[in-house]
Amino acid sequence: MALQASSLLPSSTLCITKEELRKKLSIGPIKAQTAATAPSTNQASSENKKTLRKGTAIITGASSGLGLAAAKALSETGKWHVIMACRNFLKAEKAAKSVGMSKENYTVMHLDLASLESVRQFVETFRRSERSLDVLVCNAAVYFPTAKEPSFSADGFELSVATNHLGHFLLSRLLLEDLKKSDHPQRRHIIVGSITGNTNTLAGNVPPKANLGDLRGLAGGLNGVGTSSMIDGGEFDGAKAYKDSKVCNMLTMQEFHRRYHEETGIAFASLYPGCIAETGLFREHIPLFRILFPPFQKYITKGYVSEEEAGKRLAQVISDPSLSKSGVYWSWNNNSSSFENQLSKEASDAEKARKLWEVSEKLVGLA
Ligand code: LMG
Ligand code: NDP
Ligand code: PMR
């Protein structure tokens, strides 16, 4: 397979030799993948293909927490090759090794969701790998609970909404074309949501509450220059910006479902995997919070879940044949069985979802 190693990474990424890169990207299995997805095999029955090739799943933010745990769980099945789409190439490589993932089951590719250019480059890089895309998982996120002032992405958008929603929105729109071409029995697009964006729960009522309002801030460009850095047009609040971004994630999943499920057969779903109270998500929180939050969730709310268990839950949503329903928000009860949960009024507002889609596509340069 004469793949140009240099074409697999954006030029701006990291200085390593082509040979190291070739090894890192474990190019070996591509041949088998390509063979199984070539047009001539499209006539073969899909039952046949189930046993013919591994599925390929892209997971954003697989260098820690939930994404890493899910990548590990999937790779252990031997049925999946995971593309770990990460902003820190070396960290992701180390993380994969540290959890014992074996080379032939993953590839790290550079993706910085806080840059639309990087998202586009990632899509090109992925396409050059000639793998088929079977599942896309939008998992990466940032949370700035103590920030007094907003930070901004490469494109000038408030950083948490830029990373958690806009970067993923562009990625998903571009990769939809690739998902459509997949002949895998589990073709899915999964976006990680959260209970804290859903105001029909106790957790969603802890202030500040999510609220996208009429999207005036987003429509204004979310750049804090002359317009607000918050989606609803209000004053910057890092915790609210995160919760708002999760509402966007859940609305986006449903809008994809409405627009594309029937036509493509792809399953679109979101999930709340439980409160994974020790992940990197809370790295910006005050130390006292980081100490008290895990026992609070374990013993008081009982909402706590370990990274490993949460990773298994996400892996289920990615590949379990019984969780193939589209348009669903998955949650788990205390004995770890999955169920279709109810989204809040705002997070299931079809009109808001349509408007969010239209405003977002303008901001990311698709309309
Ligand atoms: C904000 O503060 C910060 O200002 C912001 O910067 C950001 O960090 C944000 O969400 C992140 O939080 C939130 C603040 C407000 O919460 C706290 O900081 C909580 C500390 C108070 C501790 C209370 C004691 C709890 C007893 C446990 C003791 C042991 C462990 C402690 C560990 C604590 C770790 C968190 O919080 C408040 O204002 C407190 C009041 C919140 C109550 C919200 C509940 C609303 C209930 C509404 C009911 C609605 C019904 C819905 C229907 C549901 C139906 C199913
Ligand atoms: P982590 O911080 O452990 O993982 C987040 C991942 O996102 C990291 O790999 C991080 O990369 C990556 N990331 C951040 N910014 C970017 C970027 N600009 N480009 C590419 N990747 C980026 O947090 P969690 O595992 O907890 O979070 C995973 C998902 O789970 C999020 O969507 C979160 O909203 C959701 N969630 C988490 C809950 C929890 O209790 N923890 C509960 C509900 C939902 P890096 O390693 O380089 O920092
Ligand atoms: Mg919450 C009753 C259940 C419950 C659950 C499942 C969560 C999940 N939380 C619950 C309750 C409460 N929390 C209560 C009663 C309080 C007030 C004491 C509380 C506080 C709290 C804070 C300050 N909780 C938080 C924070 C955060 O900074 C986290 C956050 O909002 O991040 C956006 C958080 C979370 N609580 C959760 C979950 C899953 C989170 C974080 C992660 C996320 O939504 O992705």
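In what follows, residues are counted from 1 in the order of the sequence shown. Counting convention: from 1, in listed order, for ligands and their atoms alike. Model, not experiment: these values are computed from the prediction.
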Novice: Considering only heavy atoms, which of Ile276, Val206, Ile286, Thr196 lies nearest to atom 17 (C) of ligand 3?
Specialist: Val206

Novice: Among Phe293, Tyr272, Phe296, Phe289, which one puts a heavy atom closest to atom 35 (C) of ligand 3?
Specialist: Phe293

Novice: So, are Glu284 and Arg290 salt-bridged, with charged N and O less than 4.0 Å apart?
Specialist: no

Novice: With the threshold set at 4.0 Å, does a side-chain nitrogen-carboxylate oxygen contact exist between Arg120 and Glu117?
Specialist: no

Novice: Does an N or O anywhere in Thr301 fall below 3.5 Å from an N or O of ligand 3?
Specialist: no

Novice: Between Thr163, Ile195, Val192, Leu314, flag the one that comes closest to atom 30 (O) of ligand 2 by a heavy atom.
Specialist: Val192

Novice: Please compare Ala203, Gly197, Cys275, Ser245 and report which has the shortest non-hydrogen distance to atom 10 (C) of ligand 3.
Specialist: Ala203

Novice: Quick one: which ligand 2 atoms are inside 4.0 Å of a heavy atom on Val142?
Specialist: 14 (C), 15 (N)

Novice: Of all the heavy atoms in His285, does at least one lie under 4.0 Å from an atom in ligand 3?
Specialist: yes

Novice: Give me the residue, atom name and distance of the protein heavy atom closest to atom 42 (C) of ligand 2.
Specialist: Gly274 O, 3.5 Å

Novice: So Tyr242 and Tyr143, would you call those rings parallel, tilted or perpendicular, with 30° and 60° as cut-offs?
Specialist: tilted

Novice: Is the His189 ring parallel, tilted or perpendicular to the Phe268 ring (thresholds 30°, 60°)?
Specialist: perpendicular

Novice: Using a strict 4.0 Å cut-off to heavy atoms of Leu202, name the atoms of ligand 3 that fall inside it.
Specialist: 2 (C)

Novice: Does a side-chain N-to-carboxylate-O contact under 4.0 Å join Lys362 and Glu358?
Specialist: no

Novice: Short list, please: which atoms of ligand 2 are under 4.0 Å from a heavy atom of Gly193?
Specialist: 43 (C), 44 (C)

Novice: Heavy atom to atom 37 (C) of ligand 3, shortest distance: which of Lys246, Gln297, Lys302 holds it?
Specialist: Gln297

Novice: Less than 4.0 Å between a side-chain N and a carboxylate O, is that true for Glu124 and Arg128?
Specialist: yes

Novice: Is Asp237 salt-bridged to Lys243, cutoff N-O under 4.0 Å?
Specialist: no

Novice: Of all the atoms in ligand 3, which lie at a distance below 4.0 Å from a heavy atom belonging to Tyr242?
Specialist: 33 (C), 43 (C), 44 (O), 45 (O)

Novice: Quick check on contacts: which atoms of ligand 2 are under 4.0 angstrom from a heavy atom of Tyr242?
Specialist: 33 (C), 34 (O), 36 (N)

